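Take a look at the structure set out below.
Just so we're clear, the structure is a prediction, and the values are computed from it rather than from any experiment.
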Amino acid sequence: DDGSASCASVSGRDVHVNAGSASDPACPEYLTVRASVQVFGLTASAQVRLVQVTSLALRVSPYPTYSGSASVVQTTLRRVGCTSAFQRAALAATASLSDGSTKSVTSASAFSSTNPSVIDTLSSAQARPLAAGAANVTASWQGVSSAAVTVTATDDAVEPTSLL
């Protein structure tokens, strides 16, 4: 026993491994995965570097998206013209990992609002205003939550310039 038994658990066919860190140096930084097909006498192995999620960032951008819209931050959503509808926003979640890399985790994230009667979060990663007001929106993935972003819906109208 090398003391790393607490670093992994098995649930059905899933193996959950905790990456090594300063807080638990007993856990490995790399994992060797071995697979074998005994019927054919085949065995293979690969070494995989384990990483941890260090933070989760939430970005709020215009919706529908357009070329370049991912670089635009839009946290104020306005009423559209003389309608009762509001602009929507696209929500994107990005995980920062312990090896310095980042990964888009939008499709696997859950989004929530502190005031869903004002700003609703949809499973399609959108913020949908239902009334004028504000709410804090967060993303969560793999037990990590983003900092809250305040999204505001205002009755100040924006006039459409074209319809697609």
Side-chain angles (χ1 to χ4, degrees), residues 6-24 27-29 31 48-164:
S6 64
C7 298
S9 63
V10 178
S11 174
R13 292 183 176 198
D14 295 334
V15 176
H16 301 274
V17 180
N18 297 324
S21 68
S23 62
D24 190 355
C27 295
E29 185 177 347
L31 174 69
V48 179
R49 181 172 185 177
L50 302 175
V51 295
Q52 294 175 326
V53 178
T54 57
S55 65
L56 189 64
L58 172 62
R59 183 167 194 81
V60 181
S61 301
Y63 180 86
T65 59
Y66 54 87
S67 178
S69 67
S71 63
V72 176
V73 174
Q74 183 172 354
T75 57
T76 299
L77 305 174
R78 302 169 92 189
R79 191 174 46 77
V80 178
C82 60
T83 72
S84 62
F86 289 88
Q87 295 173 309
R88 290 188 182 190
L91 305 174
T94 303
S96 293
L97 305 176
S98 58
D99 66 354
S101 66
T102 59
K103 176 178 176 59
S104 173
V105 294
T106 302
S107 63
S109 294
F111 300 95
S112 61
S113 167
T114 56
N115 194 351
S117 63
V118 172
I119 304 291
D120 189 19
T121 56
L122 305 176
S123 60
S124 56
Q126 294 176 36
R128 175 181 63 180
L130 301 174
N136 289 327
V137 174
T138 57
S140 61
W141 178 73
Q142 296 290 316
V144 177
S145 294
S146 70
V149 174
T150 301
V151 178
T152 303
T154 177
D155 278 326
D156 295 336
V158 62
E159 298 299 326
T161 57
S162 66
L163 298 175
L164 300 177

_Reported CD1-to-OG1 distance for the pair I119 and T152, which is rounded to 0.5 angstrom_ = 7.0 Å
*asked:* Contact between V60 and V151 at the side-chain level, heavy atoms closer than 4.5 Å - yes or no?
replied: yes
*Closest non-hydrogen atom pair, A132 against D155*: CB-OD2, 3.7 Å
_Please find the pair of heavy atoms, one from A131 and one from A153, that lie closest to each other, and give the distance._
O-CB, 3.4 Å
*Nearest heavy-atom neighbours spanning A93 and L56*: CB-CD1, 4.2 Å
*asked:* Let's go through D120 and F111 carefully: what are the C-alpha distance in whole Å and the side-chain angles of both, what is the deciding distance for side chain to side chain contact (heavy atoms under 4.5 Å, CB included) to 0.1 Å, and is it a yes or a no?
replied: CA-CA 9 Å; D120 189 19; F111 300 95; over 6 Å; no
*Heavy-atom closest pair, residues G68 and S71*: O-OG, 2.8 Å
*Quick one: does T121's side chain get under 4.5 Å of V137's, heavy atoms only?*
yes
_Given 3.5 Å as the limit, does a donor-acceptor pair link the side chain of Q87 with the main chain of R78, or not?_
yes
*S61 side chain to A90 main-chain N or O, any donor-acceptor pair under 3.5 Å?*
no
*Find out whether R79 and V158 are in side-chain contact, i.e. whether some heavy atom of one side chain is under 4.5 Å from a heavy atom of the other.*
no
*What's the shortest heavy-atom distance between P62 and S69, and which atoms?*
CD-O, 3.6 Å
_Rounded distance [0.5 Å steps], CH2 in W141 versus OG1 in T106_ = 11.0 Å
*Gap between atom CZ of R59 and atom OG1 of T75 - 0.5 Å precision*: 11.0 Å
*Assess whether side-chain hydrogen bond (donor to acceptor under 3.5 Å, both in side chains) is satisfied between N136 and T138, documenting all intermediate values.*
CA-CA 7 Å; N136 289 327; T138 57; over 6 Å; no
*Where do N115 and S113 land on the side-chain hydrogen bond (donor to acceptor under 3.5 Å, both in side chains) test, with the steps shown first?*
CA-CA 5 Å; N115 194 351; S113 167; over 6 Å; no
*asked:* With rounding to the nearest 0.5 angstrom, report the NZ to OG distance, K103 to S96.
replied: 13.0 Å
*Gap separating the CD atom of Q74 from the CZ atom of R88, nearest 0.5 angstrom*: 13.0 Å
*Give the C-alpha distance, both sets of side-chain angles, the deciding distance and a yes or no for side chain to side chain contact (heavy atoms under 4.5 Å, CB included) between L97 and T54.*
CA-CA 5 Å; L97 305 176; T54 57; 5.8 Å; no
_Minimum heavy-atom separation for T154 and F86, please, with both atom names._
O-CE2, 3.3 Å
_Distance (rounded to the nearest 0.5 Å) between L58 CG and S146 OG_ = 4.5 Å
*Is there a side-chain contact between L77 and Y63, using heavy atoms and a 4.5 Å cut-off?*
no
